[in-house]
Number of protein chains: 2
Amino acid sequence: MPYPAKLSQGAVVDAGLALLDAAGPAALGMRAVADVLGVRPASLYKHVGDLAGLEALLAERVAAGLSAELDAALAGVPPGADAEATLAAFADAYIAFARRVPSRYALFSATPYAVPADPARPGGERRALWARLLAAVGAVTGDPDDTAAAVSVWAFLHGFAVLERGGLFGASGPRGGLARGVGALARGLARRAGA
Amino acid sequence: MPYPAKLSQGAVVDAGLALLDAAGPAALGMRAVADVLGVRPASLYKHVGDLAGLEALLAERVAAGLSAELDAALAGVPPGADAEATLAAFADAYIAFARRVPSRYALFSATPYAVPADPARPGGERRALWARLLAAVGAVTGDPDDTAAAVSVWAFLHGFAVLERGGLFGASGPRGGLARGVGALARGLARRAGA
DNA sequence: GTCTATAGCAGGATAGAC
DNA sequence: GTCTATCCTGCTATAGAC
């Protein structure tokens with residue numbers, strides 16, 4: 001065989017992830033991914049469609065990784081723990097991910113919605129993430145499906161991650177803003193004592 | 001005169017702003033701005049240096065606009081108002097700006113720090129914005145220089161703006177998450193009643 | 001200060017051979 | 001399924017004439 005099969009969709013996604021970590025989201029492109037794989041750019045189109053398709057696959061993969069880490073963090077919280085401690089564990093895991101692999105987090109959060117293409121029903125990982133968030137927030141509010149509260153917490157965490165990564169906090173850094181915000185949200189979102 | 005002066009730095013910035021509003025941050029470029037002005041791209045370089053210089057000028061201008069609106073919102077709060085109402089007015093004005101001119105907000109928040117170039121000491125508008133934020137948060141915490149609390153509120157507002165604009169909330173939208181988060185932060189950040 | 005002309009670079013995507 | 005070869009589009013930035 002003159003041209004044996006060297007690629008697969010999974011291999012292309014793996015290469016994209018490696019490139020993402022090494023060179024950042026701006027460097028993600030068909031040419032660069034092909035270079036990583038030692039292959040010609042044209043070959044990739046048979047496996048991931050086009051660049052947008054590759055990005056969607058990558059976002060899904062990243063969402064799965066984040067979801068797993070959040071799951072582990074929630075599982076590590078002792079059964080009788082304080083509700084605020086549960087939310088703090090979730091928040092710490094979320095921010096730790098954004099700090100450890102900022103390029104993956106950037107790609108994930110820049111992809112509006114994994115437009116449900118035909119194969120394998122993407123977007124499912126996003127829903128899993130949302131479920132983890134609702135669980136963590138539910139521990140604080142007492143309502144296991146408190147959408148507004150979940151939106152609040154997500155907005156705070158995402159905003160913190162983005163501002164920190166963008167250098168918007170300046171040289172002084174966040175200055176305790178993470179713990180302060182998580183604590184404030186936990187107390188402020190909690191069901192009123194008398195209710 | 002064969003080539004009368006048609007341009008000025010201010011005119012180029014105005015055109016950039018118009019282009020930004022009409023076509024989004026991705027469309028901002030020397031060619032496009034020149035087209036808006038009916039001029040050749042090469043002419044712009046005498047006025048704004050290069051593309052990065054133009055972006056810095058635009059970010060500064062946008063920061064000034066946002067700062068002014070926040071100022072007006074804070075000034076509109078009655079003197080004896082509740083501390084939570086003050087923060088809510090600030091938050092509403094912030095999000096209203098991000099919704100009304102999303103491209104301007106995106107440019108502003110994407111520019112890490114107006115690198116202080118020689119002319120007119122840029123970056124000053126950012127500091128003004130930070131002062132407004134500290135004032136609004138100080139009304140809630142009682143500390144006029146509570147950095148951690150200000151970081152918390154900014155992270156929440158920016159995160160909300162970004163997620164909403166990016167369509168990350170999905171079809172259902174934020175679902176009351178803004179008011180919920182502002183209320184929770186106001187209560188959670190407030191100085192303890194007994195202190 | 002504006003113009004013409006051009007250099008230089010990078011990127012996505014396709015047609016058709018093997 | 002991979003290859004070669006190529007097209008097309010987009011952009012910043014500079015040199016030198018007027």
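Heavy-atom basis, side chains included; hydrogens, waters and symmetry copies ignored. Residue numbers start from 1 in every chain, and the chains themselves are labelled A, B, ... in the order their sequence lines are given, proteins ahead of strands.
The nearest whole Å value for the distance from the CG atom in B/L37 to the C1' atom in C/dG1 is 14 Å. To the nearest angstrom, P of C/dT2 lies 13 Å from CD of B/Q9. In this structure, B/L44 places its CG atom 9 Å from P of C/dT2, rounding to the nearest Å. Separating the CZ atom of A/R40 from the P atom of C/dG12 is a distance of 15 Å, rounded to the nearest angstrom. Straight-line distance from the CE atom of A/M30 to the P atom of C/dT14: 9 Å, rounded to whole Å. With rounding to whole Å, B/D50 atom CG is found 18 Å from C/dC9 atom P.
Of the listed nucleotides (D/dA5, D/dA13, C/dA13), D/dA13 has the atom at the smallest distance from the side chain of B/Y45. With distances taken from any side-chain atom of B/L7 to the nucleotides D/dA5, C/dC3, C/dT2, the minimum falls on C/dT2. Considering only side-chain atoms of B/K6, the nucleotide from D/dT14, C/dT2, D/dA5 that sits closest is C/dT2. You'll find that the side chain of A/L51 is closest to C/dG12, out of C/dT14, C/dG12, D/dA13. In this structure, of C/dG1, C/dA5, D/dC3, it is C/dG1 that holds the atom nearest to the side chain of B/H47.
Close to C/dA10, at under 4.0 Å from its OP1 or OP2, lies no side-chain N or O of A/R31. Phosphate proximity of D/dG1 to A/S43: absent, as no side-chain N or O sits under 4.0 Å from OP1 or OP2.
Within 6.0 Å of CZ in A/R100 there are more than 12 heavy atoms belonging to other residues, nucleotides or ligands.
For A/R126 and A/E60, the salt-bridge test fails: no basic side-chain N is under 4.0 Å from an acidic carboxylate O.
Checked against a 6.0 Å centroid threshold, the rings of A/F160 and A/Y94 do not count as neighbours. Aromatic rings of B/F156 and A/H158 (six-membered ring for Trp) have centroids beyond the 6.0 Å cut-off, not under it.
Side-chain atoms of B/E69 never come within 3.5 Å of backbone atoms of B/F97 as a donor-acceptor pair (strictly under, hydrogens ignored).
Ranked by how close their nearest DNA chain C nucleotide is to the 5' end, A/A26 and A/K46 are led by A/A26.
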